[in-house]
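Scroll down for the structure; my scribbles are underneath it.
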Amino acid sequence: MEHHEGILCRLSIRDHSYVDSLLTDHAANLSASQLDAKTHALVQVAALVASDAAPPSYLEAIDWARSYDASDDEIVGVLIASLPAVGVTRVVAAAPKLGLALGYDVSDALETWGAG
């Protein structure tokens, strides 16, 4: 059985010990994903966009992405890359949340922009 096939089987049957280790151990999750650390962090941001996560959820994901040298432009690029898969509604809802996590108040900027 190939590595990816074993993972698919373990996830499909909800192998509790495997899933729990992936949920609680960041290093184990990163290793099992076989993604480089920056890509892994950006995928987590994309998952937050797709799930319409609450604003505070973005803070840790942004910290991880930045710790792996993802630029703010790359982090915002996740919105663009996610657009065809998750749709306009999710991306529009995520933009101000992501902005706040990056330290940019989109709502405030829009008020200034609209006044100019």
Side-chain angles (χ1 to χ4, degrees):
M1 182 179 298
E2 296 286 330
H3 179 73
H4 67 278
E5 292 169 341
I7 290 173
L8 290 170
C9 286
R10 292 175 89 174
L11 292 173
S12 295
I13 63 167
R14 193 174 181 165
D15 177 334
H16 290 289
S17 63
Y18 182 66
V19 171
D20 288 347
S21 73
L22 296 177
L23 287 172
T24 60
D25 184 347
H26 179 76
N29 187 296
L30 177 58
S31 175
S33 76
Q34 296 193 8
L35 298 171
D36 65 84
K38 183 164 85 171
T39 301
H40 186 269
L42 293 173
V43 166
Q44 289 183 338
V45 173
L48 295 173
V49 172
S51 65
D52 194 25
S57 302
Y58 286 86
L59 295 172
E60 184 177 20
I62 298 304
D63 286 345
W64 278 112
R66 284 178 167 164
S67 75
Y68 295 122
D69 297 324
S71 69
D72 289 356
D73 286 339
E74 290 173 313
I75 294 167
V76 172
V78 167
L79 293 175
I80 304 304
S82 299
L83 188 60
V86 302
V88 174
T89 301
R90 287 278 196 237
V91 170
V92 168
K97 299 173 193 177
L98 187 61
L100 284 175
L102 291 169
Y104 178 66
D105 188 339
V106 175
S107 296
D108 185 51
L110 287 173
E111 286 179 23
T112 303
W113 187 40

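No experiment lies behind these values; they were computed from the predicted model shown. Throughout, numbering of the chain's residues begins at 1 and tracks the sequence.
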Rounded at 0.5 Å granularity, tell me how far CD in Gln34 sits from NE2 in His4. 10.5 Å
How are the rings of His26 and His40 set to each other: parallel, tilted or perpendicular (split at 30° and 60°)? perpendicular
Leu59 side, atom CG; Leu100 side, atom CG - distance, nearest 0.5 Å: 8.5 Å
Nearest non-hydrogen partners of Val106 and Gly99, listed with the distance: CG2-CA, 4.2 Å
Nearest 0.5 Å please: distance from the CG atom of Asp108 over to the OG1 atom of Thr112. 5.0 Å
Is the backbone N or O of Tyr58 less than 3.5 Å from a side-chain atom of Lys97, with the two atoms forming a donor-acceptor pair by type? no
Min side-chain heavy-atom separation Asp72-Ile62 under 4.5 Å: no
When you look at Val45 and Trp64, which way does the side-chain contact (heavy atoms from CB on, under 4.5 Å) test go after all the steps? CA-CA 10 Å; Val45 173; Trp64 278 112; over 6 Å; no
Might you point out which heavy atoms bring Leu42 and Glu74 nearest each other, and give the distance in Å? CD2-O, 4.1 Å
If two hydrophobic side chains count as joined below 4.5 Å and joins carry through other members, does Leu83 share a cluster with Leu98? yes
Would you say the side chain of Leu102 lies within less than 4.5 Å of the side chain of Arg66, judging by non-hydrogen atoms? yes
Exercise: identify the closest heavy-atom pair between Ala61 and Leu48: CB-CD1, 3.6 Å
Indicate, with yes or no, if Leu23 and Tyr18 share a hydrophobic cluster defined by side-chain heavy-atom contacts under 4.5 Å among Ile, Leu, Val, Met, Phe, Trp and Tyr. yes
Show the nearest heavy-atom pair for residues Val49 and Ser82, with the distance to one decimal. CG1-CB, 4.4 Å
Minimal heavy-atom distance between Asp15 and Ser17, with the atoms involved, is OD1-OG, 3.0 Å
Shortest non-hydrogen contact from Ser12 toward Leu8: OG-O, 2.6 Å
Once rounded to the nearest 0.5 Å, what's the spacing between atom NZ of Lys38 and atom CD1 of Ile75? 9.5 Å
Test side-chain contact (heavy atoms from CB on, under 4.5 Å), reference Tyr68, set Thr39, Leu30, Asp36, output is Leu30
Hey, quick one: are Val76 and Val92 part of the same hydrophobic cluster, counting side-chain heavy atoms closer than 4.5 Å, chains of contacts allowed? yes
